[in-house]
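Below you'll find the structure, written out as structure tokens, and then a few comments.
Just so it is clear: chains get the letters A, B, ... in the order the sequence lines come, proteins before strands, and each one is counted from 1.
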2 protein chains.
Amino acid sequence: MHMVRAGLTADRVTLAGAELADEVGLEHVTMSAVARRLGVKDASLYAHVRSLEDLRGRIALLAADEKTIRIAEATAGRAGKDALVAYANAWRQYAHDHPGRYTATQIPIQIDPELVARAAGPRRAVELTYSMLRAYALQEPDLTDAVRLMRSTLHGFTSLEAAGGFAHARPAEDTWVRCLDALHTLLEHWPTHDEGDST
Amino acid sequence: MHMVRAGLTADRVTLAGAELADEVGLEHVTMSAVARRLGVKDASLYAHVRSLEDLRGRIALLAADEKTIRIAEATAGRAGKDALVAYANAWRQYAHDHPGRYTATQIPIQIDPELVARAAGPRRAVELTYSMLRAYALQEPDLTDAVRLMRSTLHGFTSLEAAGGFAHARPAEDTWVRCLDALHTLLEHWPTHDEGDST
DNA sequence: GAATATTCCTAGGACCCCTAGGTTTTTCCT
DNA sequence: AGGAAAAACCTAGGGGTCCTAGGAATATTC
């Protein structure tokens, strides 16, 4: 007659939501569905998670953390083009392995600031990118611009690829390799400007 | 006593949905909300639009058309870096002016094929990109790769920018200009490979 | 072992998607 | 012009979702 408890926790709820997102897509992650997966009534989740919006934010933070860890492991001990390729591949691979979690990172975020503060992922990710680009010896503000270009390109590519944006004519994989080559060359010959515009 | 009709049509419903998306975000575009905006009961919309999913698809196609037209107008009569900058600015400006419509173009699309066939937007967009890059005299498959890199970078940048991905330290506008410079130089010095890898 | 805090539940309101079938307006045909 | 046919819009309602309020069962703490 002992009713055994499910042992819920904010993290366990978030994880269930993340798994569900990878399986059926983030837009189908609902309170009811997560509750069903955990063998619990939907109302029970609200003791651990403020709202569906909140749950989505937590999934996004989880994904950011996981992605950062993967990139850190992949780039450890590498430098220059080696590091660049490892960084980019880890990014893309994470998006492939966890499509639902990855799309969670794209949503215009409205997350509890207190949560964000505790999550090391995003901050760590920026540091990683900067140190990965160190080999190219760029000076500020070019370094910041290069970081942003990197993130834009990687995010754009994986995002378009996931949405089926590349027709089947040429394998996305081949384009990916060439784009990394191109980024590498670009970073080596970054067009530095004198601050004064000639207009 | 004449009940005046709203004069609904698939296009008018789509437009109302698109406007709503820009105002309150695509995720808040609901059948009921669109119906309210049109002064109509939600059930009335189903005579013109198959479902909410269908409506979202139509908004995405509308956005693709509009964006393509803007880019076409902006790049008309330009070539080389001029054309590149005009193309990219038109893209980014559209995303700024119509954030809801723009995010509609990002969703992994599941649209009625018959609708897609009638919409000239996407096809036209690809042609535009190819002809814009013609000035750089790339040969296939480099041309396709360059097109994909362009789209990835532009989409990634505007998407990250919209999501608030760039901290306030350096104005996004400045980074944007530098990125366009970088893309231009990259396209001029595209790293062509001999087909055989030396491994 | 009793008091307290926590976990999970039931009940229910408000909203949303979508279908079925009826009523009113418009269009079309002769 | 008048009637038939088509289209536009409605009401009614089932089933799902999010979320709150408050109650019952289980852990935890002293």
Side-chain angles (χ1 to χ4, degrees), chain A residues 1-21 23-60 100 103-104 107-112 114-115, chain B residues 1-21 23-60 100 103-104 107-112 114-115:
Chain A
M1 201 52 58
H2 311 270
M3 241 13 209
V4 120
R5 291 261 156 112
L8 292 193
T9 225
D11 285 346
R12 281 185 55 78
V13 173
T14 303
L15 184 59
E19 291 169 356
L20 203 55
E23 292 168 15
V24 302
L26 183 68
E27 69 279 10
H28 295 116
V29 171
T30 109
M31 287 290 152
S32 324
V34 172
R36 274 193 297 273
R37 161 179 279 254
L38 290 168
V40 146
K41 298 294 173 185
D42 59 345
S44 306
L45 300 181
Y46 289 86
H48 309 279
V49 156
R50 216 188 305 277
S51 68
L52 177 61
E53 182 92 5
D54 183 40
L55 174 58
R56 289 215 158 103
R58 286 169 188 269
I59 295 175
T103 56
I107 62 183
I109 321 176
Q110 194 74 25
I111 312 185
D112 186 351
E114 187 224 341
L115 263 183
Chain B
M1 201 51 55
H2 313 268
M3 241 14 208
V4 124
R5 291 260 155 115
L8 292 193
T9 230
D11 286 344
R12 280 186 56 80
V13 173
T14 304
L15 184 59
E19 292 170 354
L20 203 55
E23 291 167 15
V24 302
L26 183 67
E27 68 278 11
H28 295 117
V29 172
T30 105
M31 287 291 153
S32 323
V34 172
R36 274 193 296 274
R37 162 179 278 254
L38 290 168
V40 147
K41 299 293 172 185
D42 59 346
S44 305
L45 300 181
Y46 289 84
H48 309 279
V49 157
R50 217 188 305 278
S51 68
L52 177 60
E53 182 93 5
D54 182 39
L55 174 59
R56 288 215 160 101
R58 287 168 188 269
I59 295 176
T103 57
I107 61 182
I109 320 177
Q110 194 74 24
I111 311 184
D112 184 352
E114 187 225 341
L115 263 183

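- Between the OH atom of B/Y46 and the P atom of D/dC9 there is a distance of 16 Å, given to the nearest Å.
- When all heavy atoms of B/G17 and B/V29 are compared, the closest pair comes out as O-CG2, 3.7 Å.
- The interatomic distance linking A/D42 (CG) with C/dT10 (C1') rounds to 11 Å, in whole Å.
- One can place CG of B/D54 at 14 Å from P of C/dC17, the figure rounded to the nearest angstrom.
- In this structure, A/R56 reaches neither bases nor backbone, as no heavy-atom distance under 4.0 Å exists between it and the strands shown.
- The residue A/S32 sits close only to the backbone: its heavy atoms come under 4.0 Å of sugar-phosphate atoms, none of a base.
- Summarising the geometry, the separation between NZ on A/K41 and P on C/dT10 is reported as 5 Å, rounded to the nearest angstrom.
- Rounded to whole Å, the distance from CZ on B/R12 to P on D/dA8 is 13 Å.
- Comparing D/dA8, C/dC17, C/dC8 against the side chain of A/S44 picks out C/dC8 as the nearest.
- Between B/E23 and B/R37 a salt bridge is recorded (basic side-chain N to carboxylate O distance below 4.0 Å).
- No side-chain heavy atom of B/E27 sits under 4.5 Å from any side-chain heavy atom of B/T103.
- In this model, the phosphate group of C/dC15 is not approached by any side-chain N or O of B/R36 to a distance below 4.0 Å at OP1 or OP2.
- For B/H48 and D/dC9, the shortest distance from a side-chain N or O to OP1 or OP2 is below 4.0 Å.
- The side chain of A/V40 lies closest to C/dC9, out of C/dC9, D/dC9, D/dC19.
- When each of D/dT17, C/dT7, C/dC18 is scored by its nearest atom to the side-chain atoms of A/T30, the top-ranked nucleotide is D/dT17.
- Counting to the nearest Å, the P atom of D/dT20 and the CG atom of A/L52 are 12 Å from each other.
- One atom, CG of B/L20, and another, C1' of C/dC16, lie 14 Å apart when rounded to the nearest Å.
- Rounded to whole Å, the distance from CG on B/L8 to P on D/dC9 is 4 Å.
- Counting non-hydrogen atoms under 4.0 angstrom, A/A43 reaches a base of the nucleic acid.
- Here the side chain of B/T30 pairs a donor or acceptor atom with the backbone of B/A33 at under 3.5 angstrom.
- In this structure, A/H28 reaches neither bases nor backbone, as no heavy-atom distance under 4.0 Å exists between it and the strands shown.
- Residues B/L38 and B/L45 have side chains in contact (heavy-atom distance under 4.5 Å, counting atoms from C-beta outward).
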